[in-house]
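Worth saying up front: this structure is predicted, and the values here are computed from it rather than measured. As a basis for the values below, the full set of heavy atoms in this structure was taken, side chains included, without hydrogen atoms, waters or symmetry mates.
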Amino acid sequence: MGVVTPPKTPKQDRSRATRLRLLEAAVACLAEHGWAGSTVSVVAERAGVSRGAAQHHFPTREDLFTAAVEYVAEERSAALRALPVQGRAEVVAALVDLYTGPLFRAALQLWVAASNEEQLRPRVTELEARVGRETHRIAVELLGADEEKPGVRETVQGLLDMARGLGLANLLTDDAARRRRVVTQWAALLDGVLD
């Protein structure tokens with residue numbers, strides 16, 4: 001009887017898997033260590049790949065972390081789109097949850113870095129504008145909002161701005177109890193404006 005060798009994973013699949021590990025490691029590093037503590041070497045080590053392999057996929061630090069936040073944005077949008085149709089209170093809570101986890105923390109670290117790093121700023125600004133438009137569009141859809149009505153667009157944007165603010169408040173302390181009360185109140189306000 002001959003030796004059976006396991007089938008090899010195609011090179012393209014291995015490359016995609018490596019890229020995904022690097023993106024996930026970059027997000028985790030940004031969330032845990034901030035921009036200053038997140039280097040390509042640290043990310044590569046966390047992902048279990050060589051620095052050379054990391055630089056093959058992402059030639060610069062800015063490429064790596066911009067791609068990581070873009071990956072997060074795509075995952076966040078996919079999670080929002082996958083939400084079942086629910087009441088407004090559940091939709092508001094889900095939108096707020098986007099801004100209170102490690103993904104938001106990682107994005108925030110990149111924003112702070114972009115405010116001081118000239119080469120990073122235009123990339124993050126463009127990415128944030130695109131993510132903001134997509135999040136707004138999904139929020140409108142989930143809330144069943146009619147933006148033809150005066151004030152509705154601004155109300156939905158206010159919800160997203162409030163959610164971001166709650167995410168910032170949650171960075172230093174667990175703000176869950178107050179956040180639940182604010183979410184309940186905001187959902188009631190939306191009912192008054194959107195109906």
Side-chain angles (χ1 to χ4, degrees), residues 23-24 26-35 65-116 120-195:
L23 293 173
E24 290 173 347
V27 169
C29 285
L30 272 177
E32 292 171 20
H33 307 295
W35 177 256
F65 289 105
T66 304
V69 172
E70 188 165 14
Y71 164 74
V72 166
E74 290 168 8
E75 291 293 306
R76 188 170 76 178
S77 292
L80 274 178
R81 284 190 297 271
L83 284 175
V85 176
Q86 307 177 56
R88 286 202 179 111
E90 292 82 12
V91 171
V92 171
L95 289 166
V96 168
D97 285 348
L98 288 177
Y99 296 97
T100 56
L103 302 180
F104 174 70
R105 186 180 292 264
L108 181 62
Q109 293 296 330
L110 195 62
W111 297 341
V112 170
S115 72
N116 296 313
L120 191 57
R121 186 176 303 132
R123 296 171 81 168
V124 173
T125 301
E126 187 276 325
L127 174 62
E128 183 55 29
R130 193 172 71 238
V131 168
R133 285 189 303 272
E134 176 69 4
T135 302
H136 184 95
R137 188 192 62 70
I138 293 169
V140 165
E141 184 179 310
L142 290 172
L143 292 165
D146 178 4
E147 288 192 304
E148 297 296 317
K149 288 174 61 178
V152 168
R153 179 172 185 69
E154 294 77 10
T155 301
V156 172
Q157 189 57 52
L159 163 63
L160 296 174
D161 292 344
M162 180 270 305
R164 190 177 296 116
L166 290 173
L168 289 172
N170 198 61
L171 287 174
L172 298 177
T173 61
D174 181 1
D175 203 31
R178 184 178 73 88
R179 192 169 56 247
R180 279 191 298 276
R181 291 190 307 273
V182 170
V183 164
T184 300
Q185 181 62 32
W186 198 270
L189 291 170
L190 284 174
D191 284 339
V193 172
L194 301 181
D195 287 336

Considering all heavy atoms of both residues, which atom of Gly151 and which atom of Thr155 are nearest to each other, and what is their separation? O-OG1, 2.7 Å

Partner set under salt bridge (Lys or Arg N to Asp or Glu O under 4.0 Å) for Glu24, not counting sequence neighbours: none

For Arg130, check side chain to side chain donor-acceptor pair (under 3.5 Å) against everything at least two apart and list the hits. Glu70, Glu126

Once salt bridge (Lys or Arg N to Asp or Glu O under 4.0 Å) is applied, do any residues pair with Glu32, and if so which ones, sequence neighbours excluded? Arg46

Set of side-chain contact (heavy atoms from CB on, under 4.5 Å) partners for Arg178, sequence neighbours left out: Leu166, Ala169, Asp175, Arg181, Val182

Validation row: Val152, Asp146 side chains within 4.5 angstrom (heavy atoms): no

With sequence neighbours left out, what residues match Ala176 under side-chain contact (heavy atoms from CB on, under 4.5 Å)? Asp174, Arg179, Arg180

For Val183 versus Ala89, what's the shortest heavy-atom pair and its separation? CG1-O, 4.1 Å

Donor-acceptor contacts, no H, no angles, side chain residues 93-111, under 3.5 Å, sequence neighbours left out:
residue, atom, partner, partner atom, Å
Thr100, OG1, Asp97, O, 3.2
Trp111, NE1, Glu128, OE1, 3.2

Val27 and Ala68: which non-hydrogen atoms are nearest, and at how many Å? CG2-O, 3.6 Å

Interatomic distance, OG1@Thr125 vs CZ@Arg123, rounded to 0.5 Å, equals 12.0 Å

Please report the interatomic distance CG(Leu120) to CZ(Phe65), rounded to the nearest 0.5 Å. 10.0 Å

Apply salt bridge (Lys or Arg N to Asp or Glu O under 4.0 Å) to Arg137 and list each qualifying residue two or more places apart in sequence or on a separate chain. Glu134, Glu141

Residues two or more places apart in sequence or in another chain: which of them pass salt bridge (Lys or Arg N to Asp or Glu O under 4.0 Å) with Glu147? Arg153

Cut-off 3.5 Å, no hydrogens considered: what does the side-chain donor-acceptor table look like for residues 186-195, sequence neighbours left out?
residue, atom, partner, partner atom, Å
Asp191, OD1, Arg88, NH1, 3.0
Asp195, OD1, Arg88, NH1, 2.9
Asp195, OD1, Arg88, NH2, 3.4

